Amino acid sequence: MHFHLRPLVSLALLALVPAGLTAADTSPIKVGEIASLTGKEAAFGQSSHKGTLLGMEELNAAGGIIGRTFDLVTEDNQSKAGESATAARKLISRDKVSALLGEVASSRSLEIAPIAQSSKVPMISPASTNPKVTAAGSYVFRVCFIDPFQGTVMAKFAKNELHLTKVAVLTSVSSAYSVGLSKYFKERFVADGGEIAIEQKYSEGDKDFRSQLTAIKAAGVGGIFVPGYYTEAALVAKQARELGITAPLFGGDGWEAPQLLEIGGSSLEGTYYSTHYSPENTEPAVQGFVKRFQARFGGETPDAMAALGYDSAFFLADAIKRAGTVEPAAVRAALAATKDFTGVTGHTTIDANRNATKAAVIVTVKDGHFKFLKTVAP
Ligand code: PHE
């Protein structure tokens, strides 16, 4: 008899609402966010969180959507393996969030994605570029490009603009992002006639890269591709210069953080990396965002993660608005149907694999600063 209770109660409640009228839900829409606010990649989490928060605040200041404001519930995974999965479960079962935003790092998004999928809670990664993230299923989306594209962009840049024919690749084997980007770079560089003269490995958290760099130096390469995160990339650059390696170093979006320059200093001069956005973009929408972000966060200039975090908030709001509800299946369908969504990181169209097709930006380090070099269309 027990299980009859619930349907009977709901039927009784339904009877109280006059025919043709349903009581509108005006409670805030709970959105879960998972970010590395502390720990090794705190720069990623702090930036994406600030961007997401600013987006949510702006949406709320404008009255919210479908008659409801947003309530952002943020969980810090401390940059630690395993914590993102715990946070996702907590946000879904305890907080009953309508959607999940996060993570930046691909390895951590790979923890969240299967949980979002099996719970049927739409998930949007602002910045994870490894293709496997969205392969977890129909509820998993991202607002950034993926690494087969980013790898191609940097392989072509190395060949056509740095005029490199023989390079070294130094991969972090404990990062899904690094392993993937390394693979896609190599495939394209070799397909275009280039040679990968030597491959070396490291793990997240390593501090000494001298033996790998000594081997790379002996191989006599024209450049070194370092598809890793900023802490290790900066140490690699420093130790490479100390060992007398003058060949240009270049990497991907994992380099993007002010800490890259703080750790690596002058050894970063003349290096290059691909990313998602530049605050130097003169588009009024981008400059408006930069100004509002600076006003909100003590003059800080938003980086790519901040911009992607901001876009992820509006991207979700746009889908909920089109869906007219936070019902997960409807939001999922609306997210999948997103076409030419305009954000501060460009125009996002969601493809059949729930990835975004959009342009990349190449940045160089000059006189101790990040400098926009060019935009590469998909
Ligand atoms: N793309 C990286 C990853 O998938 C994360 C990242 C995004 C880092 C944007 C910096 C800027 O792990």
Side-chain angles (χ1 to χ4, degrees), residues 34-37 39-52 77 79-81 84 101-113 123-136 140-154 171-185 203-204 226-234 250-261 263 271-279 301-312 343-346 348 354-356 358-363 370:
I34 302 166
S36 55
L37 296 177
K40 194 173 153 283
E41 276 95 42
F44 288 169
Q46 288 288 343
S47 275
S48 64
H49 172 64
K50 285 175 188 162
T52 304
N77 56 33
S79 306
K80 284 188 192 148
S84 298
L101 300 179
E103 228 267 0
V104 170
S106 290
S107 293
R108 294 195 278 270
S109 286
L110 285 167
E111 290 182 25
I112 306 166
M123 163 185 167
I124 302 162
S125 166
S128 289
T129 46
N130 187 284
K132 289 186 197 127
V133 171
T134 47
V140 187
F141 297 82
R142 76 181 102 216
V143 289
C144 56
F145 55 66
I146 55 173
D147 287 330
F149 171 64
Q150 181 166 218
T152 296
V153 165
M154 287 318 277
T171 308
S172 166
V173 289
S174 63
S175 152
Y177 159 73
S178 189
V179 170
L181 184 53
S182 174
K183 169 176 180 272
Y184 302 116
F185 169 84
S203 291
E204 292 304 291
V226 187
Y229 291 142
Y230 58 93
T231 312
E232 289 82 8
F250 53 108
D253 58 348
W255 282 32
E256 169 109 16
Q259 284 80 349
L260 182 83
L261 298 178
I263 301 167
T271 59
Y272 304 87
Y273 67 90
S274 48
T275 187
H276 306 263
Y277 135 107
S278 166
T301 298
D303 60 14
M305 277 86 55
L308 287 167
Y310 181 82
D311 280 355
S312 71
V344 294
T345 59
T348 301
R354 298 165 305 283
N355 299 321
K358 60 206 288 195
V361 164
I362 298 179
V363 169
F370 293 127

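Hydrogens, waters and symmetry mates are skipped; everything else that's a heavy atom, side chains included, is used. Predicted model only: the values in this text are computed from it and were never measured. One-based numbering, in listed order, for ligands and for the atoms of each.
- Every atom of ligand 1 is numbered from 1 in the order shown, and the set under 4.0 Å from a heavy atom of Phe44 is 8 (C), 10 (C).
- Within ligand 1, the atoms closer than 4.0 Å to a non-hydrogen atom of Ala105 are 12 (O), numbered from 1 in the order shown.
- In summary, the side chains of Thr231 and Lys40 do not present any donor paired with an acceptor at a separation below 3.5 Å, with no hydrogens or angles considered.
- Among all protein heavy atoms, the one lying closest to atom 11 (C) of ligand 1 is Met305 SD, 2.9 Å.
- Looking at atom 1 (N) of ligand 1, its nearest protein heavy atom turns out to be Asp253 OD2, 2.7 Å.
- No N or O atom of Ser128 sits closer than 3.5 Å to an N or O atom of ligand 1.
- Contacts between Ala127 and ligand 1, counted as non-hydrogen atom pairs separated by less than 4.0 Å, involve both the backbone and the side chain.
- Between Phe185 and Phe250, the distance from one ring center to the other falls under 6.0 angstrom.
- Under the 30°/60° scheme for interplanar angles, the aromatic rings of Tyr230 and Phe44 are found to stand perpendicular.
- For atom 4 (O) of ligand 1, the nearest protein heavy atom (residue, atom name, distance) is Ser106 OG, 2.4 Å.
- Side-chain contact annotation: Glu41 with Ser36, donor-acceptor N/O pair under 3.5 Å absent.
- Applying the side chain to side chain contact (heavy atoms under 4.5 Å, CB included) test to Ser278 and every residue at least two apart in sequence or in another chain returns Glu280, Val361, Phe372.
- At the top of the distance list for atom 12 (O) of ligand 1, counting protein heavy atoms only, stands Tyr229 OH, 2.5 Å.
- With sequence neighbours left out, Lys50 forms a side chain to side chain contact (heavy atoms under 4.5 Å, CB included) with Gln46, Phe293, Phe297, Glu300.
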